[in-house]
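Below is one structure, written out as structure tokens; comments come after it.
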Amino acid sequence: MFGTAEADIVAFVVGVPLPLVAAGYAAAVLALWYRSEGTLSVHSITTRRRETFYWLTVMCSFARGTAMGDLTASTLGLGFVGSMASLGVAIVVPWILHRRGTLHAVTAFWAAYVLTRPLGASVADWLLKPAHDEGEGGGGIGFGSGSVTFGGLLLFVVVVAYLAIKRPDVQDSIESVDAQRVASPTGTANA
């Protein structure tokens, strides 16, 4: 909510055009972070300064996401569905480039990360806004804020519970993989 309010104030009260708000926020913080620390890897967030840069990037990416979602849905006239489709395609591009070996993992991560925000904003607007609301990005499906908030919270709890129980996101340490190799009769890890 803070990011949404921040983007709206900068764009509509201060008068900074949406394209500048959309492009500038997270990019400026990432540039300062890299200049100061020499890395943007989330795996190297081990100091208070790097953690501060991380949270500034998160905060700014929310504002950027709202601005970019508004830009694609309203200003460019794509509507909520068109905005979701174009941003959905855009978010896959860093992954493809990384898989082909043409984009560094850290760059691919941050490119995809900052695109999750406008995609999320467009999905939220589509779910929230009534079907007859054509003024701001085209009509939505009108579930309302209470239903969307509860549904989002429920989905969040289910995903976190699944990850906590199944742990598919946890990678074995090098030592653990080496120990499995030694213990395995074939000499290969059982991962």
Using atom types as modelled, flag every donor-acceptor pair under 3.5 Å from a side chain in residues 139-163 to any protein atom, sequence neighbours excluded.
residue : atom : partner : partner atom : Å
S147    : OG   : F143    : O            : 3.4
T149    : OG1  : S145    : O            : 2.7

Determine which pairs satisfy side chain to side chain donor-acceptor pair (under 3.5 Å) with at least one residue from residues 77-99, sequence neighbours left out, and list them in order.
T72-S83, S83-S122

Quick one: ring-ring contact (aromatic ring centres under 6.0 Å, His included) partners of F109, sequence neighbours excluded?
Y113

Quick one, W110 and W33 - any side-chain contact, counting heavy atoms below 4.5 Å?
yes

Consider only side-chain heavy atoms of I, L, V, M, F, W and Y, link residues closer than 4.5 Å, and tell whether M84 and V93 are in one cluster.
no

Listed partners of [X] passing side-chain contact (heavy atoms from CB on, under 4.5 Å), at least two apart:
| X | value |
| --- | --- |
| T116 | I91 |
| T107 | L103, H104 |
| L56 | V29, T52, M59 |

Could you report the tightest heavy-atom contact between [X] and [Y], atom names first, then the distance?
| X | Y | answer |
| --- | --- | --- |
| M68 | L87 | CE-CD2, 3.9 Å |
| S41 | S44 | O-OG, 2.8 Å |
| G69 | P118 | N-CB, 3.8 Å |

What distance separates T39 OG1 from F53 CZ, expressed to the nearest 0.5 Å?
12.5 Å

Strictly by salt bridge (charged side-chain N to carboxylate O under 4.0 Å, His left out), give each pair with a member in residues 37-49 just once, sequence neighbours left out.
E37-R49, E37-R50

